[in-house]
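Here's the structure we're looking at; comments come further down.
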Amino acid sequence: MKKIFDTKIILNEEVAKNIYRLVVEADIDGKPGQFVNVQLGSNEFTLRRPFGIAMLDSDRLTMFYRVVGKGTKFLTTCKAGDEINLLAPLGNGFNFEVGEKILLVGGGLGLAPLLYAAAKIKNADIFIGGRNSEEVIFWQNEFKSYAENISVMTDDGSYGHKGFVTDELPEALTTTNYKKIFVCGPEIMMRKVAAIAKEKNISCQVSFEKRMACGLGACLSCSIDTINSRKKVCKDGPIFNADEVFYNEV
Ligand code: FES
């Protein structure tokens, strides 16, 4: 059940250039794919920021964020013991059964919700994509405890295979009998993964990102077109079946 509450920061540390891990006390339930709206400061920032649930255990909630503007820059100055206000959990989650053979495909901060998904699924495999070694090494370390097989690709070849996550996907889908693919990252990547999944007849769920004002389905700022109607990412998503949102191209 969603709730709004003040809580304390346990840890706020930089794990790669401009990427931070934020751990807070949180006695909430949440499914992989759901997100949290964080209030930054008291009055300085009017809009809450949505962050995917990257881990939820022992009343500790972990999120990752990239420093992209004044709000997240402010967040980097918060430290253990500081108070923060959360609205959580929000949205829907990935649809899966524990133990299903699922391939997770993620790029950038899109890897955050997939970490929690890996922890819950138990034997998922993961394709990690990023621009360079610095963007992927800490993710590889994070996934070591939860994913069965890890493949890493970088655009510049500075770590793992050189290229994009989509390069090795067709072969992986041929050699392993995946039941589902969950993908989270840049939209162009999600579209390509969805197209390959459709070609191989594998169910694909994507995690959509949109700027959100209320996070509660009240303001329409996050509306997107789907095959049937306009839907709200914050309330109807952020997880959608790929066929529903990429209907015109896959
Ligand atoms: Fe307001 Fe989705 S953020 S409707």
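Order of appearance sets the numbers: ligands from 1, and atoms from 1 within every ligand. Basis for what follows: all heavy atoms, side chains included, without hydrogens, waters or symmetry-related copies.
- Annotation: protein N, O or S atoms under 2.8 Å of atom 1 (Fe) of ligand 1 (waters excluded) comprise Cys214 SG, Cys219 SG.
- By the side chain to side chain donor-acceptor pair (under 3.5 Å) test, Glu13 is found to be paired with Arg21, residues two or more places apart in sequence or in another chain being considered.
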For residues 157-172, tabulate all N or O donor-acceptor pairs below 3.5 Å that involve a side-chain atom, not counting sequence neighbours.
{"residue": "Ser158", "atom": "OG", "partner": "Ser133", "partner atom": "N", "Å": "2.8"}
{"residue": "Ser158", "atom": "OG", "partner": "Asp156", "partner atom": "OD1", "Å": "2.6"}
{"residue": "Ser158", "atom": "OG", "partner": "Asp156", "partner atom": "OD2", "Å": "3.2"}
{"residue": "Tyr159", "atom": "OH", "partner": "Gln140", "partner atom": "OE1", "Å": "2.6"}
{"residue": "His161", "atom": "ND1", "partner": "Glu168", "partner atom": "OE2", "Å": "3.4"}
{"residue": "Asp167", "atom": "OD2", "partner": "Phe164", "partner atom": "N", "Å": "2.9"}

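- In this structure, the separation between NZ on Lys179 and NZ on Lys101 is 11.0 Å, given to the nearest 0.5 Å.
- Atom CG of Asn85 sits about 10.5 Å away from atom CG of Leu40, to the nearest 0.5 Å.
- Screening residues 188-230 for ring pair (Phe, Tyr, Trp, His ring centres under 6.0 Å) gives Phe208-Phe246 as the qualifying pairs, with residues at least two apart or on separate chains.
- In this structure, CZ in Phe64 is found 9.0 Å from CG in Leu109, a value given to the nearest 0.5 Å.
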